[in-house]
Protein chains: 2
Amino acid sequence: MNICVSKYYFMDIRKLAKKLNLSITTVSRALGGYSDVSETTRKKVIKYAKKYKYSPNPNASSLASGKSNTLGFVIPLYGLNSNTLNQASFFEFIAGMSTKIHSENIQFFMMFANNEKEEKNAYEKLIHVQKVNKIILHNIKIKDSRIEMLKKNKIKFVAWGRTQGLNNYSWVDLDNEESAKVIMKYLIEKNHRHIAYANIEENYNFAFQRKQGYLSSLKKNKIKFNENYYISIKNEDPDQSASAIKKMLNKYSEITAIICSTEYSAVGAIKACNQLNKKIGKDISIITFDGPVVSTIANPSLTAITHERKNLGQKAIEILTDMDKNNKTYTYLAKANIIDRGSVCKLKKK
Amino acid sequence: MNICVSKYYFMDIRKLAKKLNLSITTVSRALGGYSDVSETTRKKVIKYAKKYKYSPNPNASSLASGKSNTLGFVIPLYGLNSNTLNQASFFEFIAGMSTKIHSENIQFFMMFANNEKEEKNAYEKLIHVQKVNKIILHNIKIKDSRIEMLKKNKIKFVAWGRTQGLNNYSWVDLDNEESAKVIMKYLIEKNHRHIAYANIEENYNFAFQRKQGYLSSLKKNKIKFNENYYISIKNEDPDQSASAIKKMLNKYSEITAIICSTEYSAVGAIKACNQLNKKIGKDISIITFDGPVVSTIANPSLTAITHERKNLGQKAIEILTDMDKNNKTYTYLAKANIIDRGSVCKLKKK
DNA sequence: ATTGACAACCAAAACGTTTTGGTAAAACAT
DNA sequence: ATGTTTTACCAAAACGTTTTGGTTGTCAAT
């Protein structure tokens with residue numbers, strides 16, 4: 001009654017070669033997809049490899065080839081650990097990756113970083129000690145020196161997020177600017193004209209992009225940007241948001257809708273409205289970016305625009321495998337959909 | 001202007017041995033801590049290894065020794081991906097680990113699992129393909145066949161959580177029963193006697209343990225267990241909780257306090273009270289287990305008992321390194337503290 | 001002086017692959 | 001018929017360690 005050991009009766013390439021009456025070289029090259037093996041032989045090799053559950057020893061293989069077929073990934077704990085919302089998007093991303101990884105037989109090597117210095121160090125270790133040849137670059141800064149570093153080392157990578165300016169590398173990202181426009185269209189169709197925007201500080205790239213979409217939609221609809229309707233909070237702290245929003249709503253009572261750039265500001269908005277006894281979805285409309293947590297936890301729930309984050313992870317892996325084949329760079333923008341939870345009301349046309 | 005490559009000018013054990021005028025064997029054994037190397041030699045070796053930033057090629061080392069000094073860890077996405085609250089505790093755990101991993105120079109190998117079958121498979125791959133020699137066993141079931149499997153393969157492991165019954169292996173866990181008792185003491189001191197308990201289904205081990213604490217505290221204080229005050233919800237769905245709690249409060253208006261076994265049931269309780277127009281912290285008291293999310297997002301915030309989850313991760317690594325030295329098993333129970341957020345009121349003594 | 005134990009070192013084998021630099025046979029071109 | 005190219009295969013080296021099975025020299029006990 002051996003639960004597991006029996007399943008992996010040990011089969012190395014030598015035994016496999018002997019069983020097949022082939023040389024080790026041929027077996028290796030058959031499985032490696034080299035062209036100096038006839039198709040009939042290759043099929044036989046693959047069939048037997050499957051039958052005997054042969055899987056090459058990854059250490060031997062990495063050692064011999066100088067590459068490890070391992071995907072490096074650094075988890076920036078310092079950005080995640082205290083931020084429940086980022087955590088959710090993180091898990092959605094790796095869940096997306098995992099669907100592809102399984103089929104592509106890639107392996108995974110993770111490291112942790114508790115601050116920026118550790119983060120950079122981790123990437124260097126991944127490359128020079130672990131010898132990973134693929135990397136998911138996460139937690140992109142507006143300007144990011146890691147990109148040059150990876151290029152110099154000729155490591156294939158996909159960035160999750162973009163730097164500001166020219167992005168001449170492969171990346172996947174949310175279509176932040178576009179989704180802000182979608183939100184604006186949604187509000188304007190419901191006849192909102194005095195639309196406030198609660199942001200976190202703009203040196204987060206996504207926050208900057210979202211604001212751009214807001215501004216360009218205003219312009220397109222010939223609404224003048226009113227800077228009193230715009231809030232920028234340093235930390236992702238709902239209480240700070242709440243007090244700023246409260247002040248704003250008190251002073252500018254003509255505001256009928258608030259766009260919240262993160263879930264934290266959304267929670268702030270809810271608190272502010274509760275304190276002012278404004279009924280959400282009636283006296284005031286609120287719409288937020290993202291919202292996995294708000295949707296289940298916050299009270300009341302909020303209408304939100306959500307991105308297909310799972311696609312991001314999937315695409316990242318797809319791109320990496322495509323990059324193996326040809327040396328192009330690829331990009332992917334995740335689209336977003338509005339999920340109506342009743343926190344936005346339709347105003348009468350004036 | 002080389003950002004990174006220069007930092008790791010390549011130094012292997014051969015070059016190091018040549019520089020030191022020693023054999024490769026001696027260098028290896030000096031760094032490995034073997035006793036057939038004199039202390040003076042060892043010091044010299046270590047000094048130079050540091051100076052030249054030598055770090056052994058992990059693939060070569062694993063290949064030669066048959067062990068990889070790598071810690072295996074399977075992320076059960078199927079339990080995490082949709083559950084924001086588990087995510088938070090997950091990150092707290094790995095953040096805890098990361099503080100120790102850095103200092104102990106352990107490496108990390110992660111796999112993902114989207115269901116129980118994949119999960120078990122992942123552990124087998126970790127052992128037989130990746131050749132990890134240490135494992136953090138996560139997502140423990142009440143009865144868990146993986147434990148036998150790991151024992152049979154002589155893999156050192158620490159379980160995060162416990163099976164029911166005899167636990168003759170190393171584990172770290174929350175002190176669930178004790179913290180339920182702490183909560184009960186807290187409520188009873190505030191003169192609550194009609195205390196309801198909103199649980200999720202008891203075949204989660206932690207839910208079972210927490211209920212035990214509740215029951216034994218009742219007994220100790222000579223309060224008879226009233227099964228009408230006890231709710232057990234299948235899924236972690238706030239709305240299901242809400243409707244059950246609402247029904248209960250309507251029928252048994254003598255209830256003055258609700259203990260929520262998870263944050264989800266806490267959100268349910270908040271919703272129920274709002275719908276019944278009962279003011280939390282005044283008309284009714286609510287206290288919840290955990291609460292990283294509730295504390296920032298839920299409205300109002302709730303008094304909660306929180307465990308030092310970061311310690312769990314730290315201890316897990318500590319235990320693994322201790323187990324390397326001597327073959328004992330270790331256990332650790334994380335203590336909990338009540339954080340008062342005003343949702344529990346003091347009743348007048350009758 | 002001889003023996004045994006011990007300390008400190010080392011050469012070579014082993015780990016399981018990939019890669020290099022071939023060879024033999026078959027196919028094709030002249 | 002001969003030279004050339006192509007196809008299909010392989011032996012051996014290499015990857016950078018750890019481990020095995022020693023050797024040599026020193027010291028204490030006899």
**OP:** Dump the intermediate steps for side-chain hydrogen bond (donor to acceptor under 3.5 Å, both in side chains) on Glu318(B) and Tyr330(B), then the final yes or no.
**Re:** CA-CA 10 Å; Glu318(B) 276 176 33; Tyr330(B) 298 81; over 6 Å; no
Original post:
Is a salt bridge present between Asp36(A) and Arg29(A), judged by a nitrogen-to-oxygen distance below 4.0 Å?
Top reply: yes
**OP:** Take atom OH of Tyr52(A) and atom C1' of dG16(C), then tell me their distance rounded to the nearest Å.
**Re:** 20 Å
**OP:** Could you tell me the separation between the OH atom of Tyr34(A) and the C1' atom of dG21(C), rounded to a whole number of Å?
**Re:** 15 Å
**OP:** Under 4.0 Å between any heavy atoms, over every strand shown, what does Ser62(A) touch: base, sugar-phosphate, or nothing? Just pick one.
**Re:** nothing
**OP:** Ignoring backbone atoms, test whether Ser23(B) places a side-chain nitrogen or oxygen under 4.0 Å from the OP1 or OP2 oxygen of dC10(C).
**Re:** yes
Original post:
Among Asp173(B), Thr331(B), Asp144(B), which residue meets the side-chain hydrogen bond (donor to acceptor under 3.5 Å, both in side chains) test with Arg162(B)?
Top reply: Asp173(B)
Original post:
In terms of the nearest nucleotide of DNA chain D, which residue is placed more toward the 5' end: Tyr54(B) or Val37(A)?
Top reply: Val37(A)
**OP:** Please report, rounded to the nearest Å, how far the P atom of dC15(C) is from the CD1 atom of Ile24(B).
**Re:** 18 Å
Original post:
Can any side-chain N or O of Arg309(B) pair as donor or acceptor with the backbone N or O of Leu174(B) at less than 3.5 Å?
Top reply: no
**OP:** For Ser38(B) and for Leu63(B), locate the closest nucleotide of DNA chain C by heavy-atom distance; then report the residue assigned to the nucleotide nearer the 5' terminus.
**Re:** Ser38(B)
Subject >> Lys131(B) side-chain N/O to His128(B) backbone N/O, donor-acceptor pair under 3.5 Å >> reply: yes
Original post:
Would one find a side-chain N or O of Thr26(B) under 4.0 angstrom from OP1 or OP2 of dC9(C)?
Top reply: no
**OP:** Would you kindly compare Asp36(B) and Ser61(B) by the position of their nearest DNA chain D nucleotide and give the one closer to the 5′ end?
**Re:** Ser61(B)
Original post:
Which nucleotide sits closest to the side chain of Thr25(A): dA11(D), dA12(C), dG16(D)?
Top reply: dA11(D)
Original post:
Nearest-Å distance, CD1 (Ile13(A)) to P (dA12(D))?
Top reply: 17 Å
**OP:** Take atom CG of Leu20(B) and atom C1' of dC10(C), then tell me their distance rounded to the nearest Å.
**Re:** 15 Å
Subject >> Interatomic distance where NZ belongs to Lys44(B) and P belongs to dC9(C) [whole Å] >> reply: 8 Å
**OP:** Using atom CG of Asn57(B) as one end and atom C1' of dA14(D) as the other, report the distance to the nearest whole Å.
**Re:** 13 Å
Original post:
In whole angstrom, what separates Lys67(A)'s NZ from dA14(D)'s C1'?
Top reply: 15 Å
